[in-house]
Amino acid sequence: MSPTSFDPSSAQPVDPDVLRLAPGGPLRGTTRVPGDKSISHRAILFGAMASGISRVEGWLPAGDTTATLNAVRRLGITIERPAPTALIVHGGAFQPPDDSLNLVNAGTGIRLLAGIMAGQPFPSTLDGSEQLRRRPMRRVTEPLERMGACVSSAGGYPPLHFEPAPLRGIEYALPVASAQVKSAILLAGLFAEGPTTVVESGPGRDHTERLLSAMGAELRVDGGRVTLIPGRPLRALGMTIPGDFSSAAFLIVATSILDGSAVTLEHVSLNPTRTGLVDVLAAMGADVTMEVLGEAGGDPVGRVTIRSASLRGVEVGGETVVRMIDEFPAFMIAALRAEGQTTVRDARELRVKETDRIAVMAGELRKMGAVILEAEDGFQLSGPQPLHGATLDGHDDHRIAMSLAIAALVARGPSQIEGAGCVADSFPGFAATLARLGVDVH
Ligand code: S3P
C-alpha cells in the first residue's frame, strides 16, 4: 500500500476470523488508516437529507457504516459507489421503508437515525443485532419524547418504533456525555418547530456540528451550548473523509510500547475532541507528535509520528475521558507496559459500548496473566506486567479484538484471537496494515 492512500479492497488477506500473532515488532513504516467512522455515518445520513448530490471520498467501507448505508438505501435514497471508498449520495425526501431497518452492530447508526426518523411523516422501526439490542436507547428516546416524538422501544432497548408526530424544539442538558445523543437531538431539531439547544458538560465529539454547519444549517455553538435553528435547507456535500484517529490509536499504542519502533500515520483526523489519548500518552512519557497540515470534512487533518518510549503510569478522569472514550481498550495495554500505577475514573460509559469494555478487557487480559482491578467507572493496575501468549476472544467487539492483538505483540509466546472478524466493523485491513509495518500476523 502506498503511504498516501488507503484502499481496503487491496488489503490482503481479508481480516480473518482468527488472528494469529507472534510477539514481535518493531513496527516501522508509514501508512494511512481507513476513513473516520463517525464522519462516514454522518456523510451518508446528512447527504441523504441534503438537496442535491453529495460526493464523498475516503469513506469507511466497514461493517457499521455499511449498515447505515443499507438503511438509508431502504429509505429510498440512491447511493452510488464508484469505488469502495467513494459515495455519490442523491439527497431527497425519504420514502417509507417496507420493513424494519437493520443497523446490525452500529450504535451510531441507530441513535442518529432515531433523531431523523422521529421527524418523518411515516412510521418506521429501527433494529439491529443481538449485540445492538443490548445497548441502552432511553438516552435518545427520552429527549425525543420531550420534543413530542411518538416512539416505543423494547423496555429502553431496540427495536425502536416511530409513529409520525409534530416535534418542537427543546433545551436539553445531556445527562450522559454522548455525542450520539447530542446528534440525535440536533437532527430531530431539523424537523422541529423552534430552536433546539443541547447543553454538554464537556467537549464531546463535534462532527455533527461541523458537518451540519458546513452544509448551511443554522447552528450556534457557545461554550457547551449547541443551538440548532431549523428552516435552512441542507446543501449537498463535497468532501474527503480523513483517517479515523480511533483506528490510528491501535498503531499509536503498539508503536509506543514495542522497542525500536517508529511509525508515521498520514492524513489522520486530529479533531481535538478525539485526541485525548495523545495527551494522556504524552503525560506517560510517550514520543508522539501531531502536526496539523490541512483540513478535511471540517476536521483538522495531519500527520502523527510515533517512536517507542518508556512509559510511566498515569491518572485519567474528568473531561479527558470523553475525548478518548473509544481508546480505553488500547490504552489499557499501554498502561500494562508502563512503570507504576495507572488509574482510570469517570469512564462508566465503557460498560455500555459494544461490550462492557472494562470487564471484557480485564477478563481477556487475565488469560495472559495480567492483574487488573476493576472499578464501576474505570480500573486500576500497576505495571509493567509481563503477559504470556494465550487464546483470546474478541467478543464480536472490534476495539476489543484489535486491543488484544496489540497485547499479543508484547506477550511471551504466540497468541490467537478468536472472533476477530469484527475488526472489519471499523478497520478493514487491520491485519494487513500490521503485517506491512512488520508484525507476524496471519
Ligand atoms: C460516536 C460517539 C461515541 C463513540 C462512538 C461514536 C459518534 O459514542 O463511542 O464510537 O459517532 O457520535 P457515545 O455517544 O455513546 O459516547
Side-chain angles (χ1 to χ4, degrees), residues 33-46 59-60 62-65 67-68 103-116 128 131-132 134-143 156-158 172 174-188 198 200-212 226 241-242 244-250 269 271 273-277 297-299 319-331 346-358 377 397-400 402-403 422-423 425-427:
V33 292
D36 185 280
K37 181 155 86 74
S38 290
I39 303 177
S40 293
H41 282 294
R42 286 160 173 81
I44 298 170
L45 294 168
F46 302 0
W59 187 73
L60 170 67
D64 278 13
T65 46
T68 294
L103 277 309
V104 194
N105 282 349
T108 305
I110 196 169
R111 293 199 178 112
L112 268 58
L113 253 183
I116 297 170
Q131 184 192 84
L132 195 69
R134 287 193 293 271
R135 302 199 55 191
M137 294 296 145
R138 211 157 258 149
R139 52 183 60 199
V140 284
T141 58
E142 194 263 333
Y157 296 90
Y172 190 75
L174 289 179
V176 281
S178 163
Q180 292 174 357
V181 178
K182 171 175 65 174
S183 302
I185 300 167
L186 293 173
L187 291 170
V198 180
E200 297 185 272
S201 56
R205 69 183 71 189
D206 60 0
H207 305 297
T208 294
E209 296 91 305
R210 285 175 190 254
L211 268 186
L212 285 180
V226 186
I241 298 177
D244 195 323
F245 183 86
S246 294
S247 295
F250 300 103
S269 163
N271 181 320
T273 63
R274 299 283 302 279
T275 54
L277 175 74
D299 269 10
E319 288 191 354
T320 307
V321 169
V322 69
R323 293 178 52 244
M324 61 179 285
I325 192 66
D326 291 338
E327 280 60 80
F328 281 100
F331 168 72
D346 306 321
R348 189 171 285 105
E349 275 296 297
L350 292 174
R351 296 209 178 264
V352 291
K353 294 295 179 188
E354 281 82 336
T355 57
D356 175 341
R357 286 181 172 163
I358 299 174
D377 68 341
D397 180 338
H398 50 130
R399 300 202 201 282
I400 298 288
M402 289 187 274
S403 300
C422 59
V423 303
D425 276 351
S426 67
F427 196 156

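The residues of the chain are indexed from 1 along the displayed sequence. Both ligands and their constituent atoms are indexed starting at 1 by order of listing. Computed from a predicted structure; not experimentally measured.
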Regarding [X] and [Y], does a basic nitrogen lie under 4.0 Å from an acidic carboxylate oxygen?
| X | Y | answer |
| --- | --- | --- |
| R139 | E349 | yes |
| K353 | D397 | no |
| R205 | D36 | no |

Using the salt bridge (Lys or Arg N to Asp or Glu O under 4.0 Å) rule, pick out the option among K37, R274, R399 that qualifies with D244.
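The single option meeting the salt bridge (Lys or Arg N to Asp or Glu O under 4.0 Å) with D244 is R274.
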Option set H41, K353, R42, R139, criterion heavy-atom distance to atom 3 (C) of ligand 1, minimum:
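Residue with the shortest heavy-atom distance to the ligand atom: K353.
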Does any N/O atom on D326 come nearer than 3.5 Å to any N/O atom on ligand 1?
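Yes, there is a polar N/O contact under 3.5 Å.
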S38, any N or O under 3.5 Å of ligand 1 N or O
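Checking ligand 1 against S38, an N or O pair does fall under 3.5 Å apart.
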For F331, is there any backbone N or O sitting under 3.5 Å from a side-chain donor or acceptor partner on E327?
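Side chain of E327 to backbone of F331: no pair is present.
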When you measure from the side chain of T208 to the backbone of S183, do you find a donor-acceptor pair of N or O atoms at a distance under 3.5 Å?
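No, T208 side chain to S183 backbone: no donor-acceptor pair under 3.5 Å.
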Contact summary for I44 and T65, nearest pair of heavy atoms:
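For I44 and T65, the tightest heavy-atom pair comes out as CD1-O, 3.8 Å.
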Among protein heavy atoms, which sits nearest to [atom], and what does the distance come to when rounded to 0.1 Å?
| atom | answer |
| --- | --- |
| atom 14 (O) of ligand 1 | S178 OG, 2.6 Å |
| atom 1 (C) of ligand 1 | Q180 NE2, 3.6 Å |
| atom 6 (C) of ligand 1 | T108 OG1, 3.4 Å |

Which ligand 1 atoms are under 4.0 Å away from a heavy-atom of [X]?
| X | answer |
| --- | --- |
| I325 | 9 (O) |
| R205 | 1 (C), 2 (C), 4 (C), 6 (C), 7 (C), 12 (O) |
| A179 | 12 (O), 14 (O) |

